[in-house]
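Worksheet for the structure shown next.
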There are 4 protein chains.
Amino acid sequence: MATRTPDTLEVSYDEFCGALAAKDLQPLWTQAAKLMPPQPIPRTLPWLWRWQSVLPLAQRAGELITIERGGERRVLALANPGLNGLPYTSSTLWGAYQYLGAHESAPAHRHTPSALRFVVDGSGVWTTVDGDACDMSAGDLVLTPSWTWHDHSNPTDAPMVWFDGLDLPLAATLESVFFEPHPDLAQNVPQPHNASTRVHGGRALRPLGERANARHSPLLVYRYRDTDSALRELLDARGGPIASLEFVNPSTGGPALPTLGCEMHRLVPGRRTHPKRKVGSSAYVVFSGTGHTIINGERFDWERGDCFVTPSWSAVEHQAAEPADLFAVSDRPVLEALHLFREETLDRPQDVTRTFAPK
Amino acid sequence: MATRTPDTLEVSYDEFCGALAAKDLQPLWTQAAKLMPPQPIPRTLPWLWRWQSVLPLAQRAGELITIERGGERRVLALANPGLNGLPYTSSTLWGAYQYLGAHESAPAHRHTPSALRFVVDGSGVWTTVDGDACDMSAGDLVLTPSWTWHDHSNPTDAPMVWFDGLDLPLAATLESVFFEPHPDLAQNVPQPHNASTRVHGGRALRPLGERANARHSPLLVYRYRDTDSALRELLDARGGPIASLEFVNPSTGGPALPTLGCEMHRLVPGRRTHPKRKVGSSAYVVFSGTGHTIINGERFDWERGDCFVTPSWSAVEHQAAEPADLFAVSDRPVLEALHLFREETLDRPQDVTRTFAPK
Amino acid sequence: MATRTPDTLEVSYDEFCGALAAKDLQPLWTQAAKLMPPQPIPRTLPWLWRWQSVLPLAQRAGELITIERGGERRVLALANPGLNGLPYTSSTLWGAYQYLGAHESAPAHRHTPSALRFVVDGSGVWTTVDGDACDMSAGDLVLTPSWTWHDHSNPTDAPMVWFDGLDLPLAATLESVFFEPHPDLAQNVPQPHNASTRVHGGRALRPLGERANARHSPLLVYRYRDTDSALRELLDARGGPIASLEFVNPSTGGPALPTLGCEMHRLVPGRRTHPKRKVGSSAYVVFSGTGHTIINGERFDWERGDCFVTPSWSAVEHQAAEPADLFAVSDRPVLEALHLFREETLDRPQDVTRTFAPK
Amino acid sequence: MATRTPDTLEVSYDEFCGALAAKDLQPLWTQAAKLMPPQPIPRTLPWLWRWQSVLPLAQRAGELITIERGGERRVLALANPGLNGLPYTSSTLWGAYQYLGAHESAPAHRHTPSALRFVVDGSGVWTTVDGDACDMSAGDLVLTPSWTWHDHSNPTDAPMVWFDGLDLPLAATLESVFFEPHPDLAQNVPQPHNASTRVHGGRALRPLGERANARHSPLLVYRYRDTDSALRELLDARGGPIASLEFVNPSTGGPALPTLGCEMHRLVPGRRTHPKRKVGSSAYVVFSGTGHTIINGERFDWERGDCFVTPSWSAVEHQAAEPADLFAVSDRPVLEALHLFREETLDRPQDVTRTFAPK
């Protein structure tokens with residue numbers, strides 16, 4: 001190398017490190033093992049939030065925080081203690097419970113983070129997505145894809161609480177978050193309602209000549225009755241201990257949203273699933289049943305409405321005590337798109353060494 | 001050009017043409033207008049075959065032609081008079097009616113041409129595709145994709161006739177036809193039946209981790225009850241005069257078969273569809289209802305079970321007299337894959353200048 | 001099946017076949033073996049056209065046939081004797097030699113069939129494609145993709161003859177041929193010339209932000225000097241007896257044209273290639289060298305400028321007597337897009353049973 | 001909603017927030033504006049590192065830190081001051097200078113983060129990637145894609161310093177980092193060297209029958225002579241003030257690596273580029289020339305070897321004082337794959353309000 005060394009320093013090693021810092025440089029060799037570990041060392045911790053703890057707080061939020069134009073949703077974020085106080089459920093996922101009181105509306109807006117709503121309980125709320133009013137009932141999955149206008153309204157006499165899943169932590173890392181309030185409180189809703197399910201809800205059928213929409217699924221609502229029957233058929237055909245379905249974009253066969261994997265898992269009671277681990281984190285919402293999940297040797301007992309998170313490359317086994325359906329949101333489509341996904345089945349079941357004490 | 005001319009001939013123009021022929025050469029300039037017309041000049045003729053004519057002949061074939069090992073199907077091909085005596089329905093499509101007697105079976109085989117079966121009437125026959133036994137009922141579409149083993153068996157006391165659609169003319173042009181009889185008369189059928197509909201029949205749902213199958217749809221049967229409800233929803237959402245659905249490969253969102261477009265069209269009685277033309281031919285099978293179709297100014301009256309063909313770039317309008325569902329098979333996926341598809345809506349309805357007299 | 005049989009005929013088998021014909025029906029069972037053979041039975045025959053025979057006829061055409069506005073190109077089509085007098089080289093490919101006299105121009109037009117020009121000898125002609133003037137020299141490949149305007153002009157003092165490859169037979173079967181003359185004799189040519197090679201001719205480099213063009217390659221000319229050096233490198237890296245390259249669309253990595261595979265093969269003298277067969281036909285143009293090719297046991301000797309065709313599923317082996325480059329056009333992209341492609345290497349070399357006597 | 005409220009709390013708002021924290025919940029409404037800003041608020045700061053500052057420190061590292069089996073590379077990471085002490089150049093990119101002494105080798109390993117090497121100066125070092133030995137010279141780009149074995153060796157008498165670009169910050173957020181040392185210090189290197197450039201280095205040419213590799217480019221080295229000539233041609237064809245090329249995967253036409261965009265930009269001296277902003281960050285390495293870049297109104301003067309970073313959605317304009325080539329690495333392929341990319345040209349040039357003082 002022909003370049004000369006204008007001012008090579010004569011310094012001790014400590015002085016050298018100081019000299020690096022002064023120039024906004026850091027040595028790799030002192031932190032290589034931490035930066036490049038043999039396998040992922042997630043900051044995300046395995047964790048669980050109890051529906052019985054969240055629900056009264058959500059209701060309390062409904063009393064204390066009023067919704068007004070320009071205000072925000074009454075949303076309680078599930079904050080993973082491993083993430084330094086950030087309101088994130090994992091390093092890539094935002095999970096939260098949102099509360100909407102009787103006869104209330106949450107004003108319309110749009111943002112680049114993609115979102116999904118999964119209804120744990122209740123019915124009667126409408127989510128309007130780019131002018132398509134979608135009704136929401138228990139077990140339904142509703143998408144509000146990136147940069148689509150959306151608002152929620154509750155014309156019923158009862159409040160409703162649902163689960164929100166977003167890719168916000170990833171979008172923040174990618175420095176890609178845009179937000180815009182709608183000029184009106186609520187979108188104009190042309191008839192008919194639920195247009196996406198009418199036009200794109202066929203079973204392996206699409207309107208002739210319709211183009212693929214790779215940005216997101218043109219189907220915005222996935223009904224629980226369809227999920228339920230598909231799980232039953234899959235379990236019949238392939239047997240247990242688990243039937244796992246992914247919600248897909250019918251125009252491409254790919255994931256419903258490019259950044260969020262949406263899944264439903266049905267567990268056969270009394271049977272333990274094979275221990276597996278995969279790259280990427282998942283947040284599970286218990287839609288029905290009771291049981292427990294073992295994550296890296298720690299037992300997490302769950303019941304309806306609870307949410308728990310599995311970090312990347314953690315060993316995971318599920319076992320239901322009674323028939324159970326688990327909804328899950330994951331970052332799997334991101335890892336697959338970037339060719340970083342891998343998964344494996346472990347040789348033998350985990351030993352349970354401790355039990356998580358939920359708050 | 002440095003090349004020398006070793007033996008330039010002194011000949012008249014006629015002698016010159018003879019000299020070309022002697023060397024297996026043909027001049028372009030004498031036939032350019034025919035080879036490269038301003039728009040397609042199809043050899044395929046608009047045509048119609050009557051169910052009431054085909055059915056007794058199919059039944060007669062059932063009496064005269066016995067099925068034995070190594071024998072062939074009792075299939076009556078719809079031979080378009082424009083195609084020089086070839087047993088093809090259009091230049092790319094094979095359409096036929098197949099007859100299977102009570103308690104008969106058609107032996108297992110496979111071939112590279114893709115095939116579909118559309119059931120006009122009846123039920124109870126099983127088509128087994130690569131070991132998956134699929135039952136067939138009126139309005140169902142059953143796929144036997146390229147190079148999949150398939151056999152048909154009729155355990156009932158009544159014969160059944162259904163429509164066969166194949167890409168055989170195209171496969172012949174592409175010199176790509178392979179055929180192989182199965183070592184056994186019938187395939188072994190592991191339980192459970194209808195596995196494809198159980199595993200891949202979810203509504204925008206797929207088994208988690210399942211890869212896309214670009215060769216053909218993993219779903220082998222499309223049930224009429226699903227088609228019917230999707231047509232009804234689509235008509236509700238978008239209005240008439242026609243609702244048109246394409247059967248898709250749920251793992252890719254693309255066509256169910258790479259060479260055959262499968263469609264169902266529902267007509268609102270009393271309303272005439274907009275006149276359209278498209279590149280590529282279609283064979284329509286009337287599943288229900290009565291009505292007529294105008295093709296290049298010629299009127300084709302149809303009723304249940306009839307089949308008619310529309311050639312490439314022909315002007316087409318449909319009008320039902322009573323609620324009607326038309327199944328169609330086309331070469332559209334081929335034209336789209338090769339970037340040769342185009343379509344347009346004409347400015348005004350066609351004048352009817354003649355009426356087709358079916359045989 | 002509930003349907004009744006209104007008029008079942010009492011006829012002998014012969015009468016029955018007549019009854020079918022009267023209704024435009026044909027039985028499958030009498031012709032199944034021909035329609036569905038165990039492996040392809042091509043109509044295309046292995047054949048060879050000699051440059052030394054074609055060239056004087058092309059020059060003669062240049063004297064006899066004048067080019068005028070609205071007239072046609074002086075093109076001599078290589079008519080395969082297996083195709084019933086059609087001016088096609090194989091069932092899917094049109095191969096021809098085109099002659100353009102000194103200071104002549106062929107008027108601008110466009111058509112849906114895709115075309116390529118391969119220059120066997122000479123230089124100095126310009127082909128203008130959608131306003132981009134491309135110069136042509138020996139060994140260059142020039143594309144005139146589907147529905148692009150193109151004209152040819154020869155500003156030099158010498159005539160030039162080049163090879164034309166088109167997908168016209170396939171486009172005809174697909175009833176998809178559109179043709180349009182340009183309003184002017186020649187296109188307007190904005191500067192600079194050879195824009196496609198300047199913008200899209202980088203080596204694994206593309207203008208930032210440029211979108212993929214799946215319809216056809218944005219690169220319109222492939223220079224022989226690039227082909228030559230890539231063949232040399234490939235042969236160095238992988239050894240002989242043959243190095244085979246495909247010309248690709250740099251924006252997708254796929255074939256340069258969706259319906260025509262463009263290939264160059266370099267043969268190491270004295271070595272025989274492994275016997276192979278593949279679905280689909282190819283037309284080979286000898287760019288340099290001498291040698292022979294064995295097709296289904298028949299020997300075809302060739303020298304510079306000759307063209308020979310290999311039918312689908314024919315066994316093919318090449319052997320050069322001196323260093324040889326063979327340009328080839330094939331229908332392989334069509335077969336691959338439709339999932340009908342297959343190929344295999346045969347266990348042992350073919351016995352040569354006869355030698356083709358070219359005209 | 002039928003669910004009852006078992007233990008609704010009577011608390012003040014402050015007590016309520018405490019109650020949330022006790023259950024690992026966080027309110028959205030207090031931080032919504034920060035989490036969902038109107039447009040990205042990057043943590044990444046615009047910054048610049050001077051080659052003249054880095055180089056002596058790299059050389060000093062070469063003296064102080066010896067390379068041994070199991071040890072780490074002598075790499076100086078460019079640590080962006082906005083990222084809380086992390087050794088990252090932006091929120092998604094790792095940029096660094098790596099030093100390899102005369103006659104030294106860096107041991108073989110592999111990791112899931114993708115990496116690229118861009119040679120600012122010198123020549124003679126070999127990087128071996130999955131057994132393919134690639135030589136490196138000034139201006140060359142060398143890829144070590146995700147999970148490929150790689151080692152570096154310097155058989156020359158002079159040390160060499162090059163720029164490393166990795167997606168490590170993104171891979172860390174995705175909790176997807178795996179690392180594995182090679183069982184041997186160096187990989188076995190079968191002949192011939194530079195196989196990837198021989199086999200995959202053709203200009204829009206690929207070995208016939210080769211499949212697309214979507215995981216990463218099969219071409220591992222991009223030579224500066226090719227980049228240089230493509231930039232010159234592009235500038236000729238389209239004019240200034242800037243010519244921008246992306247290095248692509250020739251088998252797909254997509255980005256060379258799925259997570260890292262690799263670009264080269266040539267600036268015409270004396271002309272200011274249009275002010276633009278885009279989602280996602282870039283690290284620029286000055287390969288040649290001098291000039292300055294205005295980022296959000298701040299002026300960054302640069303010369304050969306310097307590296308500067310542009311945060312997401314920052315306004316960016318470049319102006320060269322003498323002919324300049326800027327290599328850039330970005331996260332653009334990630335944003336495009338996830339449908340989060342957007343860019344815009346600003347209406348008018350930025351006012352320069354301050355000048356960055358490099359260290």
Side-chain angles (χ1 to χ4, degrees), chain A residues 1 3 5 7-9 13 16 19-20 22-26 28-29 32 36-40 42 49 53 55-57 59-60 64-65 72-73 75-77 79 81 87 91-92 111-112 121-122 158-160 168 173-179 215 258-259 279 312 334-335 337-340 359, chain D residues 1 3 5-9 13 16 19-20 22-26 28-29 32 35-40 42 49 53 55-57 59-60 64-65 72-73 75-77 79 81 87 91 111-112 121-122 158-160 173-179 215 258-259 279 312 334-335 337-340 359:
Chain A
M1 192 171 50
T3 316
T5 318
D7 56 343
T8 305
L9 307 171
Y13 183 74
F16 175 64
L20 292 179
K23 302 296 188 188
D24 299 311
L25 299 168
Q26 288 191 29
L28 170 61
W29 57 88
M36 291 276 200
Q39 56 187 52
W49 293 261
S53 297
L55 189 59
L57 290 164
Q59 291 165 331
R60 187 69 180 130
L64 289 172
I65 318 298
E72 301 302 325
R73 268 85 167 147
V75 168
L76 300 182
S91 62
T92 55
H111 40 69
T112 48
D121 191 28
M160 194 164 124
L168 182 57
T173 292
L174 295 174
E175 301 182 341
S176 65
V177 178
F178 291 80
F179 175 91
R215 298 187 73 85
T259 49
V279 171
S312 185
V334 175
L335 292 154
L338 304 180
H339 299 281
L340 289 166
K359 296 175 180 176
Chain D
M1 193 171 50
T3 316
T5 318
D7 58 341
T8 306
L9 307 170
Y13 183 74
F16 174 65
L20 292 180
K23 303 296 189 189
D24 298 311
L25 299 169
Q26 288 192 30
L28 170 62
W29 57 89
L35 291 168
M36 292 276 201
Q39 57 188 52
W49 294 261
S53 298
L55 189 58
L57 291 164
Q59 291 166 329
R60 186 69 181 130
L64 290 172
I65 319 297
E72 301 303 324
R73 268 83 167 148
V75 168
L76 299 182
S91 61
H111 40 69
T112 49
D121 191 26
M160 194 164 125
T173 292
L174 295 175
E175 300 182 342
S176 64
V177 179
F178 290 80
F179 175 91
R215 298 186 74 85
T259 50
V279 171
S312 186
V334 175
L335 292 154
L338 305 180
H339 299 280
L340 288 166
K359 296 174 180 175

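Convention: sequence-line order gives letters A, B, ...; per-chain numbering from 1. Values reported hereafter were calculated over all heavy atoms of this structure, with side chains retained and with hydrogens, waters and symmetry mates removed.
- Each of D:Pro37, D:Ser312, D:Pro40, D:Ala22 has some count of heavy-atom pairs under 4.5 Å with chain A, and the biggest count is that of D:Pro40.
- With a 4.5 angstrom heavy-atom cutoff, D:Pro81 touches chain A only via side-chain atoms.
- Considering all non-hydrogen atoms of both residues, A:Trp49 and D:Lys23 come closest at CD1-O, 3.4 Å.
- Both the backbone and the side chain of D:Leu25 come within contact range of chain A, each with at least one heavy atom under 4.5 Å from a heavy atom of that chain.
- Counting heavy-atom pairs under 4.5 Å between each of A:Ala337, A:Pro42, A:Pro38, A:Ser176 and chain D puts A:Pro38 at the top.
- Heavy-atom distances place both the backbone and the side chain of A:Leu338 under 4.5 Å from chain D.
- Per-residue counts of heavy-atom pairs under 4.5 Å with chain A were compared for D:His111, D:Arg215, D:Gln39; the largest is that of D:Arg215.
- Ranked by heavy-atom pairs shorter than 4.5 Å toward chain A, the options D:Thr112, D:Leu174, D:Thr259 are led by D:Leu174.
- Counting all heavy atoms, side chain and backbone alike, A:Trp29 lies closest to D:Val75 at CZ3-O, 3.6 Å.
- Put simply, OG1 on A:Thr92 and CD on D:Glu175 are 7.0 Å apart, with the number rounded to the nearest 0.5 Å.
- Interface check for chain A: of the options D:Thr173, D:Leu340, D:Val279, the most heavy-atom pairs under 4.5 Å are formed by D:Thr173.
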